[in-house]
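Some notes on the structure that comes next.
Numbers for residues simply follow the sequence, beginning at 1.
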Amino acid sequence: MKRFVLPLLLLTSVASFAQSGFLKKASGILNKATGGNTSALSNDDIVAGLKEALTVGATNGANKLSAVDGFFANAAIKVLMPPEAKKVENALRTAGMGKLVDNAILSMNRAAEEASKSAAPIFVNAVKTMSIQDALGILKGSDTAATGYLRSKTVSALTTAFRPVIDTALQKTSATQYWKTVFETYNKLPTTFNKINPDLAGYVTEKSLSGMFYQVAQEEQKIRKDPAARVSDILKKVFGS
């Protein structure tokens, strides 16, 4: 009997020690993240607060970008001609066709703004799956860690969901027509030897999502740093600790 009892006691001691070490580590993370005021915050509070932060940030970001000039007037995220098309743009402007290029650029940004109207529900749906482990990782991360979490969890699905919206928006704003005209005009120039036919919808989709995550990150930073941006009780409780 002693041969069985002793190993069992050892296993129990090791397990208790390991669990104690884990809890101490988790407690340390929370203490550091909340300035030592963890007693007022439960795990549910932390998860709820971070979900609320992502929901508010994503919704505010989507609303700002879906407004007229949300992309076009924002130099940080404005959709411009892709790098490989820069020669096309320069050649057309030199040939006196700058207005054609400007129309194409405006239409791409209008498409991005149109597509942004459908982004918030997609983001909010992704936020619902956040776990306590995710929350702890975000709390000990950078001031855009929540946005990084959102990007890692949604970028593939968002791209798949966003692409048809972009396609429709490009058709609605005549961007596809302008783009086709730009490149058909360029390809007919006597100095053009390498024909260009980039994927407009794919390019605008990528730039739209990049701009969206940039804006959500801006909103997250506001919530973390500016008390006035904490618009609900749970945000004030979690980020005010």
Side-chain angles (χ1 to χ4, degrees), residues 58 60-123 126 144 147-148 150-219 221:
N60 288 347
N63 289 341
K64 288 181 179 180
L65 297 186
S66 63
V68 175
D69 287 339
F71 271 86
F72 188 72
N74 189 334
I77 59 174
K78 182 178 181 180
V79 182
L80 300 172
M81 287 286 191
E84 63 269 24
K86 201 63 182 176
K87 288 174 59 179
V88 178
E89 179 178 350
N90 293 338
L92 291 175
R93 291 191 184 281
T94 300
M97 301 177 193
K99 180 63 175 175
L100 183 64
V101 177
D102 291 338
N103 286 340
I105 292 174
L106 176 62
S107 293
M108 287 190 292
N109 284 275
R110 291 291 182 255
E113 290 157 10
E114 180 71 19
S116 295
K117 294 176 182 178
S118 65
I122 298 173
F123 281 131
T144 59
T147 303
L150 192 61
R151 180 191 288 271
S152 70
K153 296 292 183 181
T154 66
V155 68
S156 178
L158 278 172
T159 301
T160 300
F162 232 52
R163 176 62 184 254
V165 178
I166 289 288
D167 276 326
T168 301
L170 289 174
Q171 295 291 338
K172 180 179 178 181
T173 59
S174 300
T176 303
Q177 175 188 342
Y178 283 125
W179 187 265
K180 181 179 179 182
T181 303
V182 164
F183 283 99
E184 283 184 348
T185 302
Y186 175 77
N187 287 338
K188 289 178 181 177
L189 293 175
T191 55
T192 301
F193 299 100
N194 297 317
K195 310 298 182 183
I196 297 180
N197 185 28
D199 178 7
L200 175 61
Y203 171 72
V204 177
T205 297
E206 179 184 348
K207 298 297 289 184
S208 297
L209 290 175
S210 177
M212 181 64 68
F213 283 118
Y214 172 87
Q215 191 62 47
V216 171
Q218 299 300 302
E219 298 298 327
Q221 289 176 324

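Atoms CD1 and OG, on Ile166 and Ser116 in that order, are 7.0 Å from each other to the nearest 0.5 Å. How far CG of Asn90 is from CE of Met81: 10.0 Å, rounded to the nearest 0.5 Å. Considering CG of Leu170 and CG of Leu200, their distance stands at 5.0 Å, rounded to 0.5 Å. The distance from atom CD of Glu206 to atom CZ of Arg163, rounded to the nearest 0.5 Å, is 11.0 Å. Atom NZ of residue Lys86 and atom CD of residue Glu89 lie 4.0 Å apart, to the nearest 0.5 angstrom. Between Thr147 atom OG1 and Gln221 atom CD the span is 8.0 Å, to the nearest 0.5 Å.
Put simply, the side chain of Ile122 does not reach to within 4.5 Å of the side chain of Thr154, judged on heavy atoms. Under the 4.5 Å side-chain criterion, counting only non-hydrogen atoms from C-beta, Glu219 is in contact with Lys64. Here the side chains of Lys99 and Asn103 are in contact, with some heavy-atom distance below 4.5 Å. Between Leu106 and Asp102, the closest side-chain pair of non-hydrogen atoms is not below 4.5 Å. Between Thr144 and Phe213, the closest side-chain pair of non-hydrogen atoms is not below 4.5 Å. Residues Val165 and Lys117 have side chains not in contact (no heavy-atom distance under 4.5 Å, counting atoms from C-beta outward). Side-chain atoms of Leu80 and Ile105, non-hydrogen and from C-beta on, do get closer than 4.5 Å to each other. Counting heavy atoms from C-beta on, the side chains of Met212 and Phe123 come closer than 4.5 Å.
Under a 3.5 Å cut-off, the side chain of Glu114 and the backbone N or O of Thr168 do not form any donor-acceptor pair. A distance-only check finds no donor-acceptor pair linking the side chain of Ser107 to the backbone of Ala104 [under 3.5 Å].
Here the closest non-hydrogen pair linking Ser208 and Ala112 is OG-CB, 3.2 Å. Residue Asp167 comes nearest to Ala201 through the heavy atom pair OD1-CB, 2.9 Å, listed as atom of the first residue, atom of the second, then distance. Between Phe71 and Asn109, the shortest heavy-atom contact is CB-OD1, 3.5 Å. In plain terms, the two heavy atoms of Gln215 and Asn74 that are nearest each other are OE1-ND2, 3.9 Å. Considering all non-hydrogen atoms of both residues, Pro121 and Ser118 come closest at CD-O, 3.5 Å.
Identified under the ring pair (Phe, Tyr, Trp, His ring centres under 6.0 Å) test for residues 88-114, with sequence neighbours left out: none.
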Derivation and outcome, salt bridge (Lys or Arg N to Asp or Glu O under 4.0 Å), residues Arg110 and Asp69:
CA-CA 8 Å; Arg110 291 291 182 255; Asp69 287 339; 3.1 Å; yes
